[in-house]
Amino acid sequence: MGKKRKHSEVEVPAAKKEETAPERPKRTLLGWKDKPENQQDSTTFTGFRNKEKVLVTCSRRINYRYRHLMLNLVSILPHCKKDNKVESKATKGATLNELVELKSCSSCLFFECRKHKDLYLWMSKCPNGPSVKFLVNAVHTMEELKLTGNHLKGSRPLLTFSSNFDKDPHWKLLKEMIIQIFGTPKEHRKSKPYHDHVFVFSIVDDHIWFRNYQISCPHTGADKIDRGGLEKMTLIEVGPRFCLNPIKIFGGSFGGPTLYENPFYVSPNQIRSLEKRQKAGKYAKKVKAKTRRKMHEMSNPLETDEFADMWKE
Amino acid sequence: MDRWCGSSVNHGEVLTCSLTSLGLDSESILKKKLLLLTMAIKKRTPKLLEETLPEDEIEDLDMEASESDPETDSESESEGDEDVRLTEPSKTSIYNKDGILDKLGDISWPEDVEWIHKLSLDINQEQEVDVNDDLNRELAFYTQALEGTRQAFVKFQTMGLPFLRPSDYYAEMVKTDSHMEKIKGRLLVEKRRIEEAEERRKARDNKKKAKEVQAQKQKERVKQKKDEIESVKKWRKQRQQSGFAGGEKEGGDMGLPFADGKESQRSSTKNKRPGVSPWDRSGGKAKAGAGKDRKGGAGKRKSREFKDSKYGFGGKKGMKKQNTAETTNDFKGFNKSDSFQNKKRKK
């Protein structure tokens with residue numbers, strides 16, 4: 001069974017290219033239909049089934065810290081597939097789209113690291129968009145020792161959103177994407193029963209902040225909290241932590257028309273260059289001031305001192 | 001503190017002054033970039049972009065920039081990896097609301113999807129959170145998560161689903177055991193460090209207190225001594241004033257603590273102890289103790305004890321062998337028969 005499926009996966013991109021070929025159009029169509037296209041599925045079936053699969057990759061020359069962040073995300077998303085690094089070129093969008101289809105995934109998280117410093121996260125719904133590009137900062141990985149929580153690998157997380165996600169359409173879209181990408185599908189093969197951790201997505205200062213907490217709650221049975229258990233419930237942070245600054249939302253996956261552009265965004269490159277320029281200006285200013293002083297002294301010479309040679313005689 | 005914070009708001013000023021200096025250096029190259037950022041700049045700089053200014057004006061601006069330089073430098077260094085944002089939104093940015101809503105409609109799940117598929121909860125933030133206040137921000141996230149979890153658990157409970165991990169359900173965890181061990185080790189080390197510091201502090205406090213007490217005692221002692229000397233002086237003066245007439249009587253009347261009380265007490269105690277020589281510092285205790293020790297073994301005769309106390313057994317020998325008024329008057333050791341017997345023995 002498994003083998004057969006793999007076979008079909010491999011065939012898909014080839015089939016896509018030969019779409020015009022009249023040989024076996026039905027089969028291609030079937031292949032297309034087989035893709036987990038959620039909204040189509042749900043409209044046709046009465047029972048909804050979430051078949052989300054997330055491809056997680058990163059660009060080449062990624063920083064170790066960011067790579068660890070990616071691995072952490074892989075460990076908390078049981079419904080994801082990790083893939084090899086991808087060269088971050090101008091044409092990466094096409095390759096990524098192809099890759100996602102090859103892996104029969106329906107969405108993608110792509111960690112793009114530039115200059116070993118800046119991490120960009122692409123979040124994209126795959127066959128036909130949308131996709132979002134974030135700048136990631138304030139990264140803390142799970143390996144950091146001050147985060148003491150722990151939870152089951154693969155248990156389904158609760159997703160909590162701050163209420164300002166419903167304020168603007170772009171936040172609404174982001175919320176929907178996050179629910180689909182970060183929520184583990186019910187009855188997923190690799191997921192475990194019980195709920196022992198909770199994700200926080202909160203918009204503060206126009207950034208999306210992510211936190212992951214373990215739930216520790218006094219209980220005896222599996223389906224009932226003790227009396228007063230809700231009050232005694234505490235959360236312990238597990239990690240990772242990061243903060244997403246949305247830059248752009250595109251209509252297609254990894255490309256397409258721009259739907260939203262963050263009006264407040266300044267790229268880290270620009271900031272760095274400004275800083276450098278400031279520092280570079282220092283010396284030039286000094287030299288300029290010196291010459292100006294000299295010019296000033298030349299133009300307004302001191303009056304000759306009439307008592308200068310008074311004591312010489 | 002470590003910097004959790006990834007963003008900051010109050011960078012507009014930094015940006016503006018940095019931009020002024022930037023615009024001056026090579027405006028032709030950066031014209032395009034600057035156009036994006038113009039919103040953040042003061043009124044003067046757009047003019048700068050249009051035409052080159054005469055030399056002196058540029059210099060003026062330069063001076064201005066250099067004045068504000070130090071503080072901006074320090075700020076940018078202290079918050080190196082944090083991002084800057086424009087103070088006002090740029091007008092050229094795209095915002096296609098209809099397109100976004102269309103896409104949202106495309107990707108979103110149908111309306112009637114059960115909550116159990118989503119597991120998402122919306123929590124109302126009570127108030128705006130300041131990003132730069134780490135503690136409050138984290139608290140806000142925590143409360144959001146807690147509130148959400150409570151709501152979710154109530155929902156689960158009403159649905160009757162098993163949602164809490166039984167204590168005997170073991171499975172792979174996100175963090176490995178070795179990693180958790182490390183965390184535990186760190187916590188322990190931290191705890192120990194705190195305890196040690198606490199102990200050290202306590203010891204220091206105790207020392208301080210002991211010193212104080214000591215000083216207090218010393219003070220008291222000195223005061224007492226002073227008082228005593230004073231009282232003696234007073235007494236002497238009084239005696240002198242009265243011209244030694246009936247001095248003895250008065251002395252007795254004054255009732256000085258040491259004059260008749262302490263001194264006499266001291267002497268009396270000395271005298272009270274029978275069979276203890278005046279120089280025996282142990283006050284005859286050494287012998288008594290020795291006697292006690294022996295008693296357990298063989299038992300000591302009374303005469304032996306007496307002789308020990310008289311002639312000394314243990315303790316300093318030199319002084320206690322001397323006669324005192326007491327011993328000269330004591331004829332206990334002599335009797336007729338003794339001398340007689342001695343003579344007899346000699347024979």
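In the text below, chain A, chain B and the rest are named by the order of the sequence lines, each starting its count at 1.
In this structure, the separation between CZ on A:F182 and CG on B:L119 is 15.0 Å, given to the nearest 0.5 Å. Atom CG in A:N128 sits 7.0 Å away from atom CG in B:D106 (nearest 0.5 Å). Taking CG of B:L101 as the start and CG of A:L259 as the end, the distance is 10.0 Å to the nearest 0.5 Å. The CD1 atom of B:I183 sits 6.0 Å away from atom CG of A:L145, with the distance rounded to the nearest 0.5 Å. The line from CG of A:L173 to CG of B:D102 is 11.0 Å long, rounded to the nearest 0.5 Å. The line from OG of B:S108 to CE of A:M177 is 12.5 Å long, rounded to the nearest 0.5 Å.
The candidate from B:L161, B:I116, B:V129 with the greatest count of non-hydrogen atom pairs under 4.5 Å with chain A is B:I116. Taking chain B as the reference chain and counting heavy-atom pairs below 4.5 Å, the highest number among A:T184, A:I249, A:I179 is found for A:I179. When each of A:G183, A:P193, A:G154, A:G229 is scored by its heavy-atom pairs under 4.5 Å with chain B, the top score falls to A:P193. When each of B:N124, B:N96, B:T149 is scored by its heavy-atom pairs under 4.5 Å with chain A, the top score falls to B:T149. Looking only at heavy-atom pairs under 4.5 Å with chain B, the residue among A:I76, A:L147, A:N72 that has the most is A:L147. If you tally non-hydrogen atom pairs under 4.5 Å between each of A:N262, A:V198, A:L158 and chain B, the highest count goes to A:L158. Most heavy-atom pairs under 4.5 Å with chain A, from the set B:K118, B:M180, B:E147: that is B:M180. Heavy-atom pairs under 4.5 Å with chain B peak, among A:S163, A:S267, A:P268, at A:S163. Each of A:K172, A:K192, A:E187, A:E237 has some count of heavy-atom pairs under 4.5 Å with chain B, and the biggest count is that of A:K192. Of the residues considered (B:G160, B:S167, B:S120), B:S120 shows the highest number of contacts with chain A, using heavy-atom pairs under 4.5 Å.
Although no hydrogens or angles enter the test, the distance criterion places no donor-acceptor pair under 3.5 Å between the side chain of A:Y194 and the main chain of B:P162. When atom types are taken as modelled, the side chain of B:K103 and the backbone of A:G251 share a donor-acceptor pair closer than 3.5 angstrom. In terms of modelled atom types and a separation under 3.5 Å, the side chain of B:K175 and the main chain of A:V238 share a donor-acceptor contact. No donor-acceptor pair closer than 3.5 Å links the side chain of B:R137 to the backbone N or O of A:V204. No side-chain donor-acceptor contact under 3.5 Å links A:R211 to the backbone of B:E138.
In this structure, the portion of A:D196 lying under 4.5 Å from any heavy atom of chain B is its side chain and not its backbone. Using a 4.5 Å cut-off between heavy atoms, A:V136 makes no contact with chain B at all. Contact annotation for A:P169: both backbone and side-chain heavy atoms come within less than 4.5 Å of a heavy atom of chain B. Only the side chain of A:D166 has a heavy atom closer than 4.5 Å to any heavy atom of chain B. Neither the backbone nor the side chain of A:L244 comes within contact range of chain B; no heavy atom of the residue lies under 4.5 Å from a heavy atom of that chain. Contacts between A:P257 and chain B at a heavy-atom distance below 4.5 Å are absent for every atom of the residue. Proximity to chain B is absent for every atom of A:F199, based on heavy atoms less than 4.5 angstrom apart. Both the backbone and the side chain of B:L146 come within less than 4.5 Å of a heavy atom in chain A. No part of A:I178 comes within reach of chain B, as not one of its non-hydrogen atoms sits under 4.5 angstrom from that chain. Both the backbone and the side chain of A:T234 come within less than 4.5 Å of a heavy atom of chain B. Proximity to chain B involves both the backbone and the side chain of A:L230, based on heavy atoms less than 4.5 angstrom apart. Residue B:Y170 does not touch chain A at all, counting heavy-atom pairs closer than 4.5 Å. Proximity to chain B involves both the backbone and the side chain of A:Y260, based on heavy atoms less than 4.5 angstrom apart. If you measure heavy-atom distances from B:A145 to chain A, the contacts under 4.5 Å come from both the backbone and the side chain. Interface remark: A:K175 contributes side-chain atoms only to the contact with chain B (heavy atom separation under 4.5 Å). Of the two parts of B:R186, only the side chain, counted from C-beta on, holds a non-hydrogen atom closer than 4.5 Å to a non-hydrogen atom of chain A. Contact annotation for A:D118: neither backbone nor side-chain heavy atoms come within less than 4.5 Å of a heavy atom of chain B.
By the 4.5 Å heavy-atom criterion applied to side chains, A:L159 and B:L121 are not counted as neighbours. Two residues are said to be in side-chain contact when any heavy atoms from C-beta on lie closer than 4.5 Å; A:L152 and B:E172 fail this criterion. No side-chain heavy atom of B:M173 sits less than 4.5 Å from a side-chain heavy atom of A:K153. Residues B:D112 and A:F48 have side chains not in contact (no heavy-atom distance under 4.5 Å, counting atoms from C-beta outward). Contact check for B:I107 versus A:P130: side-chain heavy atoms found under the 4.5 Å cut-off. Considering only heavy atoms from C-beta on, B:Y95 stays 4.5 Å or farther from A:E261 through its side chain.
Between A:H195 and B:F156, the angle of the ring planes stays under 30°, which puts this pair in the parallel group of the 30/60° scheme.
Pairing each heavy atom of B:Q144 with each of A:F161, the nearest pair is NE2-C, 3.3 Å.
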Evaluation steps, side chain to side chain contact (heavy atoms under 4.5 Å, CB included), between A:L235 and B:Y142: CA-CA 8 Å; A:L235 304 177; B:Y142 182 85; 3.4 Å; yes
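Between B:K97 and A:D168 no salt bridge is recorded (no basic side-chain N to carboxylate O distance below 4.0 Å). Comment: A:E143 does not engage B:K182 in a salt bridge, judged by the lack of any side-chain N to carboxylate O separation of less than 4.0 angstrom. Ion pairing of A:K186 with B:E114 is absent here, as no side-chain N (NZ or NE/NH1/NH2) approaches a carboxylate O to less than 4.0 Å.
Heavy atoms of other residues, nucleotides or ligands lying less than 6.0 angstrom from CD of A:E231 number more than 12.
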